[in-house]
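Before any comments, here is the structure.
Just so you know, ligand 1 is whichever comes first in the structure, and atom 1 is the first atom listed for that ligand.
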Amino acid sequence: MHGITGHALSSMIPMIQGVATARNAVPGAYPLGNPRAEIHGLNVLVVGSGGREHALCWCIGASPLVDTLYCAPGNGGIGEIANRIDIGPTDIDGLLGFCRSETVDYVIVGPEQPLVDGLVDRLTEAGIKAFGPRASASAIEGSKGFTKDLCAKYGIPTAVFGRFSEAEPAKAYIAANDAPIVVKADGLAAGKGVTVARSEAEAMAAVDEALGGRFDGAGHEIVIEEFLDGEEASFFALVDGRSALPLASAQDHKAVGDGDTGPNTGGMGAYSPAPVVTPEMHDKIMTRIIEPTVSAMAAEGRPYTGLLYAGVMIVDGEPLLLEYNARFGDPECQVLMPRLKSDLFPALLAATDGVLDQVDLRWRDDVALTVVLATQGYPGDYEKGSEIRNVKSAEELPDVTIFHAGTETRNGALVATGGRVLNVTALGKSVAEAQARAYEAVDVIDWPQGFCRRDIGWRAMTRGV
Ligand code: AMP
Ligand code: GLY
C-alpha cells in the first residue's frame with residue numbers, strides 16, 4: 001500500500017496504544033487493537049548497521065503494520081529478518097533514490113551522522129516520512145556548545161561551562177578552575193571527543209589536542225565544564241515536537257575493562273531499567289530536563305521530533321544534563337526493545353505525526369541486560385574475518401536474544417567484521433538473573449578472537465537488585 005506518505009499515517013491507526021506486536025503480544029494483558037486494513041503493508045527502511053539497528057529491526061519487523069522491512073546497510077544478523085540494501089547511512093542521495101524506487105513509506109534513522117547531515121530534511125522534502133529530528137534540531141547532539149547555551153538560556157540543569165575556539169582563553173579558564181575538569185570537542189567525534197581530565201596538565205593537553213585538529217571539524221570549538229561527581233544514567237523519550245513520552249532508563253558501561261578501567265568504547269554492555277532512576281528521579285528528569293528542552297527547541301524554531309536520549313549525572317539526588325543524543329543509544333536500545341510489550345512502530349509514527357499524546361506504551365517489569373562481545377584489540381586496532389560459532393545454540397537458551405553489530409555471513413559461516421560484534425541480551429526478574437542468563441549464553445559462543453566484560457550490571461548488583 002503506497003501513495004499515502006503525505007498523510008498522517010498514525011491517524012489511520014484507531015488504537016495506537018492497543019496494537020501489540022506478534023512477538024511481544026501478551027493476550028489479555030491489554031486491548032489488541034484493530035489496525036485498519038488500509039495501513040497494513042507499509043514498506044519501511046531502517047538506516048544503520050549496528051546492534052541498535054538489529055534491535056530496531058527485530059521490533060519493527062514484528063509489527064502487523066509492516067509488510068516489507070529494508071535495512072541499509074544492515075549486518076549479518078539483520079539479514080535474517082530484513083532485506084539488506086547496500087547503501088551507507090550517509091549516502092543521502094542513494095537512500096533517497098532507493099526510497100523513491102521502492103516506494104518506501106517510512107524511514108527510521110539509527111545513527112546520528114545522517115541526522116546531522118540532514119537526511120530527515122531531504123526525505124521530508126521529498127514527501128517521504130521519517131523518524132528522527134531534522135538537521136536544525138539534531139544540533140542538540142551535533143554541537144555540545146549549542147546544547148549548553150540552550151541549557152543556560154532555559155534554566156535546564158547542567159554543569160557550569162565555558163565555550164572556546166582559542167587555546168589561550170581556554171587555558172586561562174582551566175587555570176581559574178580546579179581539576180578534575182572536563183574538556184569536550186563541540187561536534188560529533190564518535191564518542192571520543194570528551195576528556196575527563198584529572199589534572200590541570202591533562203586538561204591543557206586536551207585543549208591543544210582538540211583545537212589542534214585531532215577531531216577534524218568536530219574540534220574547532222570546545223566546551224570546558226565542571227566535573228560532576230555522581231552516578232550516570234541514560235534516559236530515553238519519544239518527542240513529537242510539542243510533547244514527550246518517556247520510554248525507560250538504562251545504564252551503559254563505556255570503559256573497555258572490568259571495573260570501568262581502560263579506554264572508553266562505544267559501550268560494552270547495558271541494562272534497563274537503571275535502579276538509580278527511581279519513580280521520583282524519573283519525574284525530576286522529565287519535568288526539569290526533558291520537557292523544558294522540548295519547549296525550548298520549539299521556542300528556538302527547531303522543533304524536536306524523534307528520540308531524545310539524555311545522558312544525566314545524578315548528584316546528591318538531583319539530575320544534571322551531561323549531553324543529549326538525537327537517536328537511540330547503542331547498546332541501550334538492545335535492552336529497551338526486549339522490555340517493550342507494545343508495538344513500537346505506531347509510537348514512532350505518532351512522534352513523526354505530532355500525536356504522541358495518543359500513545360501509551362506498556363513495558364515488562366523484567367530487567368534486560370546485554371553483554372557486548374568485541375574483537376580482541378578493540379577499541380584500538382583489531383583483525384577482521386575471524387569465525388564465530390554456536391551463536392544459534394546460545395540463542396536457544398530461555399529469554400536470550402542476540403543482536404548483531406559487526407558481523408557478516410560468508411559461505412554459511414558467521415564472521416566478525418567490526419570492533420563491537422554481538423550483543424548477548426537476556427531478560428530476568430532481577431539484574432542478577434538477567435546477568436546470569438546473559439553470561440550463560442556468552443559461554444556457549446565459541447569465538448577465541450573475541451572478548452567481553454565480565455561485570456556488566458555491577459553497579460545495580462551493589463544495590464542488591
Ligand atoms: P558525553 O559525551 O558528554 O556524555 O561525555 C562522555 C562521558 O564523559 C560521559 O558519559 C561521562 O561519563 C563523562 N562526562 C562528561 N561530562 C562530564 C562531567 N561534566 N563530569 C563528569 N563526567 C563527565
Ligand atoms: N551508548 C552510548 C551511545 O549510544 O552514545
Problem set entry | Those atoms of ligand 1 less than 4.0 Å from some heavy atom in E225 | 16 (N), 17 (C), 18 (C), 19 (N)
Exercise. For ligand 1, which part of E226 has a heavy atom less than 4.0 Å away: the side chain, the backbone, both, or neither?
Worked result: backbone
Problem set entry | ligand 2 atoms in contact with R327 (distance to a heavy atom under 4.0 Å) | 3 (C), 4 (O), 5 (O)
Seminar exercise, completed: When every non-hydrogen atom of I128 is compared with those of C99, the smallest separation belongs to CD1-CB, 3.6 Å
Problem set entry | Name of the residue among T425, T370, N423 meeting side-chain hydrogen bond (donor to acceptor under 3.5 Å, both in side chains) with Q334 | N423
For this session: Report the part of L228 in contact with ligand 1, treating N, CA, C, O as backbone and CB onward as side chain, heavy atoms under 4.0 Å; options are side chain, backbone, both, neither.
Result: both
For this session: Select the closest option to atom 15 (C) of ligand 1 among K184, E141, E323, K254, judged by heavy-atom distance.
Result: K184
Seminar exercise, completed: When every non-hydrogen atom of V367 is compared with those of K429, the smallest separation belongs to CG2-O, 4.5 Å
For this session: Heavy-atom contacts with K144 under 4.0 Å: which atoms of ligand 1 show up? List them by number with element.
Result: 1 (P), 2 (O), 3 (O)
For this session: Check A441 against V400 and note the closest heavy-atom contact, atom names and distance.
Result: CB-CG1, 3.8 Å
Seminar exercise, completed: Under 4.0 Å from one or more heavy atoms of N325, ligand 2 contributes atoms 5 (O)
Exercise. What do you reckon, are the aromatic ring centroids of Y378 and F451 less than 6.0 Å apart?
Worked result: no
For this session: Mark up the atoms of ligand 2 that fall under 4.0 Å of a heavy atom belonging to G329, in ascending order.
Result: 4 (O)
Seminar exercise, completed: D252 heavy atoms within 4.0 Å reach ligand 2 at atoms 1 (N), 2 (C)
Exercise. Has ligand 2 got any nitrogen or oxygen that is less than 3.5 angstrom from a nitrogen or oxygen of E332?
Worked result: yes
For this session: Using distance alone, determine whether R52 and ligand 2 share an N or O pair under 3.5 Å.
Result: no
For this session: Run the numbers on E318 and R288 for salt bridge (charged side-chain N to carboxylate O under 4.0 Å, His left out), then give the verdict.
Result: CA-CA 10 Å; E318 298 303 323; R288 297 189 192 169; 2.3 Å; yes
Exercise. Within the side chain of R339, is there an N or O that forms a donor-acceptor pair under 3.5 Å with the backbone of D366?
Worked result: yes
Problem set entry | For M313, the ligand 1 atoms whose distance to one of its heavy atoms is below 4.0 Å | 21 (C), 22 (N)
For this session: Spell out, as yes or no, whether a donor-acceptor pair under 3.5 Å connects the side chain of D455 to the backbone of W458.
Result: no
For this session: Classify the angle between the aromatic ring planes of F403 and H54 as parallel (below 30°), tilted (30 to 60°) or perpendicular (above 60°).
Result: perpendicular
Exercise. Near F227, which atoms of ligand 1 are under 4.0 Å from a heavy atom of that residue?
Worked result: 20 (N), 21 (C)
Exercise. In ligand 2, which numbered atoms sit nearer than 4.0 Å to a non-hydrogen atom of G266?
Worked result: 1 (N), 2 (C)
Seminar exercise, completed: Logged contact type for F328 with ligand 2, heavy-atom cut-off 4.0 Å, is neither
For this session: For A434 and G428, work out which heavy atoms get closest and say how close.
Result: CB-N, 3.8 Å
